[in-house]
Amino acid sequence: MLSLYAKNLTTGDISAHFAEIYGASVSKETVSRITDKVIEEMNDWTNRPLDAVYAAVFIDAIVVKVRALSHSS
C-alpha cells in the first residue's frame, strides 16, 4: 500500500488495486488513514533528536582456501 502511495496513486486507485490483485475490499478512507498514520510516524522519526556520537564497528574478512601440496618421494 505504501509503495503504491509513494508512486502517487490515489487512494481510489490503491483500493481498486487491492480488490483486483488480492480480492480484498479496502476502502479509500482506510487507505487514507493508514498512509496518514505512517507519514505521521515517519515525520516523527525523521525529526527525532540525534545523539552527538554513534559508535560504529566495521568488520572485514576474507577467506582463502589453500590446498596443501603433497610431496612424493
Side-chain angles (χ1 to χ4, degrees):
M1 184 176 298
L2 297 176
S3 64
L4 296 173
Y5 186 79
K7 292 179 181 177
N8 292 323
L9 269 69
T10 66
T11 55
D13 293 338
I14 296 170
S15 179
H17 177 79
F18 269 76
E20 180 182 336
I21 301 300
Y22 302 110
S25 176
V26 181
S27 71
K28 294 186 294 186
E29 292 78 16
T30 299
V31 172
S32 182
R33 278 196 308 273
I34 291 170
T35 54
D36 287 349
K37 184 63 177 172
V38 170
I39 288 170
E40 176 186 326
E41 289 183 19
M42 193 171 61
N43 286 333
D44 290 346
W45 182 84
T46 301
N47 296 316
R48 75 195 184 287
L50 298 176
D51 293 338
V53 177
Y54 288 88
V57 177
F58 295 94
I59 300 173
D60 191 11
I62 186 168
V63 176
V64 179
K65 288 187 177 185
V66 178
R67 184 173 46 148
L69 298 174
S70 63
H71 296 287
S72 56
S73 16

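The structure displayed is predicted, hence computed values, not measured ones.
- With sequence neighbours left out, L50 forms a side-chain contact (heavy atoms from CB on, under 4.5 Å) with R48, Y54.
- Heavy atoms only, all atoms of each residue included: Y5 and I39 are closest at CE2-CD1, 3.5 Å.
- For T30, the side-chain contact (heavy atoms from CB on, under 4.5 Å) criterion is met by V26, S27, R33, I34, not counting sequence neighbours.
- By the side-chain contact (heavy atoms from CB on, under 4.5 Å) test, S15 pairs with K28, sequence neighbours left out.
- In this structure, NE2 in H17 is found 5.0 Å from CG in L4, a value given to the nearest 0.5 Å.
- One distance of note links NZ of K7 with CD1 of I14; it measures 11.0 Å at 0.5 Å rounding.
- Linking Ile, Leu, Val, Met, Phe, Trp and Tyr whenever their side-chain heavy atoms come within less than 4.5 Å puts V31 and I21 in one cluster.
- Here V66 sits in one hydrophobic cluster together with I62, V64; the rule is ILVMFWY side chains under 4.5 Å apart, joined directly or through other members.
- E41 CD to T46 OG1: the interatomic distance, rounded to the nearest 0.5 Å, is 11.5 Å.
- E40 meets the salt bridge (charged side-chain N to carboxylate O under 4.0 Å, His left out) test with K37; sequence neighbours excluded.
- Remark: E20 pairs with no residue by the side-chain contact (heavy atoms from CB on, under 4.5 Å) rule, at least two apart or across chains.
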